[in-house]
2 protein chains.
Amino acid sequence: MIAKKQENRPLASSIHDLARHLNISIGTVSRALNGRADVNADTRQRVLDAAKKLNYSPNQSGRSLRRGATHSIAFMLQPHPGDQQYGEPFFIPFLTGLQARLAESGLDLIVVMGAPGDYQQERLRRVVETRRADAVVLAWTRREDERIDYLSEVGFPFATLGRSLSGGKSYPSLDLDFEKAGADAVDRLVARGHRRIAAIRPSLNLNFGYLFLDGYCKALQRHGIEVDPGLIADGFINEAGGYEVMPQVMNSKDPPTAVIFNNDAMALGGCKALAEIGIKPGHDIAVIVIVDTPLCRYFSPALTAFRPPLEPMGRRLAEMLLASIPAYAGTDGARIIHEVWPLELIARDSD
Amino acid sequence: MIAKKQENRPLASSIHDLARHLNISIGTVSRALNGRADVNADTRQRVLDAAKKLNYSPNQSGRSLRRGATHSIAFMLQPHPGDQQYGEPFFIPFLTGLQARLAESGLDLIVVMGAPGDYQQERLRRVVETRRADAVVLAWTRREDERIDYLSEVGFPFATLGRSLSGGKSYPSLDLDFEKAGADAVDRLVARGHRRIAAIRPSLNLNFGYLFLDGYCKALQRHGIEVDPGLIADGFINEAGGYEVMPQVMNSKDPPTAVIFNNDAMALGGCKALAEIGIKPGHDIAVIVIVDTPLCRYFSPALTAFRPPLEPMGRRLAEMLLASIPAYAGTDGARIIHEVWPLELIARDSD
DNA sequence: TGTGTTCTCGTAAACGTTTACGGAAAATGT
DNA sequence: ACATTTTCCGTAAACGTTTACGAGAACACA
């Protein structure tokens, strides 16, 4: 009954309003606004002034329709499966960087969320087919990733946070150096006298789990330590998963004196399981986690972890995505860039 | 050089393709697709089949342009000021609920991020004026909120997470009962023998800070305890703010034996300051925080806190927003709903 | 003066939809 | 058989842009 006032004032004026106000044609107004050459410097100025005065800003739908581009980029955010109450703090700083860079180029960021757990394939199709965005950004890439297959098959522009075996090298990607982090963690633990080092990583076929394990195994072998399958375990990528899988390696005949977690949530669950059998991280066992979150810092004991520069990564991936799209790239055409960034170790009390 | 394949296959077919394929007019196709009455049941079926076969989905820009509605809702997400590395886990489950409900009505959720710290007024104008969304959702409402003033002045539909003095009762809002939480915290502490209870809340004029303080003061008076201004302090809403402001109340001539924090990040900073002067939460001083996050649970000692049902809140606010917009509400017209939800106390080890 | 060039602008079509309008065909009523 | 209603569908305009095309005016050059 109340909210009828939508129409009480024209929120935005159209290009027609400007034309009428200035007594010129809409074509000229559009050209002036878009900075084309074939318009008199004086009339351009008058158009610009009128636009400011009448508070004009172009209708995105009209523009998108005509140009065939939406001027927005979609990020597919998938909430942590199994964690209803509190989700994924990881991506916020990344998104901050992403949107900051996109905004500089006049692009909007659309965050498309899926229900926790579903693999967002349909949602992705919807974004692509309804032309909601000009490109998408994917995260949490799988080793074989059907989203990547789909996008490269239909030729829709995209970039990924994380590598994948799918889709070849045809799209920009930015990833962290999980191999090196895995190796560094092993090096550090070995230097501190550990020989029995467990590795706990997420199931599903999240690609970073493989990369991490590679680095872990290679480093072990470099130190002349045999890889013991009994010390490697996969679990669901949340606290419960870490809790369930921890006993598995602790019950091996020759238990580990150190453990590397490939995920913070799993580390928390693992530590809970350890506490229940009276084993204290940083005292009875060394713990390192590969991707740091605030949780690691505030946990007791504070967990030694590798920290990613998330905000710069967001900026950079946006940059790379833009460079890969001909319409957005400068005159130099499209470039496909791949980068792998190092992780920085933050030494704390758990190892 | 590569990424030229954008055009190798028409990603989506238009309504014209369907019409040509079926040898009927586009008008009929559109009517069939939109479920209008004046189309033969048989032809409708043929249109639907063809749509599925040709993988048709409507172009959003065209539809928006014609209908004057974008079918998307914008959420203005403002990263926590001062916290670059890790942002705002608080909103993720809220967003999950929000988007889930919107998706049920066929609406998209656009998350618009601002740079940390800026008050997003321009960004809001841009969203409104370029017609990127049909409505917006605001969070972290201020006591007097210029965003709300702006939106209600121009008559743009919106809803808020949190109350405000601005804008009257003309928009839907969903808030937590911070007054009751403040009072409950005091009751609990008094029952445990405390009489000197400090309150630390964010500066800026975030409205929940006022509500909390109201509840705190009233409860104190109810117990016959005089409110001591020396035990109340405002700080910047992040860890550093809590760290800086904590000594202020501890140095009062009659220091507190308990402290209530109105924000988790500030609580963390406050506890750090306490640790540095050898005071241990849960042992030497009681600590309660009003809004729980995962950080409270993993902190040592685990912090007693009030937990909001964020995901249901997101769903509900979406529902309320939809009901307030005539175009989306059912036949019953627009209703403006206001709700205040209780916070649940999670007793842990810090009090 | 005549010809060619450059500036500037108006006209109109197009992007993909939705929908008001009217008309032909079919169904119904007398 | 005729009048009336109903059913179904095509036509065309509209939403707000952008842009190809062409035309008129001004200018330069011989």
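Protein chains get the first letters and strands the later ones, always in sequence-line order, with residue 1 at the start of each. Owing to the predicted nature of the structure, the values given are computational and were not obtained by experimental measurement.
- Distance CZ (B:R20) to P (D:dG10): 15 Å, rounded to an integer number of Å.
- Taking five base pairs at each end of the helix from C:dT1-D:dA30 to C:dT30-D:dA1, the local helix axes there meet at an angle of 50°, rounded to 10°.
- Look at B:N40 and you won't find any side-chain N or O under 4.0 angstrom from OP1 or OP2 of D:dT7.
- The pair A:R163-A:E339 does not meet the salt-bridge criterion, since no charged nitrogen lies less than 4.0 angstrom from a carboxylate oxygen.
- Put simply, the side chain of B:R66 and the base of C:dT18 share a donor and an acceptor less than 3.5 Å apart.
- At the heavy-atom level, A:T43 lies under 4.0 Å from the strands shown only through sugar-phosphate atoms.
- Side chain B:R31 to base D:dG10: a donor-acceptor pair is found below 3.5 Å.
- Of the candidates D:dT17, C:dT8, C:dT17, the closest approach to any side-chain atom of A:Y56 belongs to D:dT17.
- Following rounding to the nearest Å, B:Q45 (CD) and D:dC9 (C1') show an atom-to-atom distance of 18 Å.
- Within residues 21-29 of chain A, the residues having any heavy atom under 4.0 Å from DNA chain D are, by residue number, A:I26, A:G27.
- Across D:dG16, D:dT18, C:dT17, the shortest atom-to-atom separation from the side chain of A:R63 is found for D:dT18.
- Comparing atom distances between the B:L65 side chain and each of D:dC15, D:dT17, C:dT19 picks out D:dC15 as nearest.
- Rounded to an integer number of Å, the gap from CZ of A:R36 to P of C:dC7 is 16 Å.
- Using a cutoff of 4.0 Å between basic side-chain nitrogens and carboxylate oxygens, B:E104 and B:R315 are scored as salt-bridged.
- Which of D:dT18, C:dT18, D:dG16 sits closest to the side chain of A:S30 comes down to D:dT18.
- Salt bridge annotation for B:D17-B:R20: present, with a cationic side-chain nitrogen under 4.0 angstrom from a carboxylate oxygen.
- Side chain of A:H16, nearest nucleotide from C:dT17, C:dT19, D:dT17: D:dT17.
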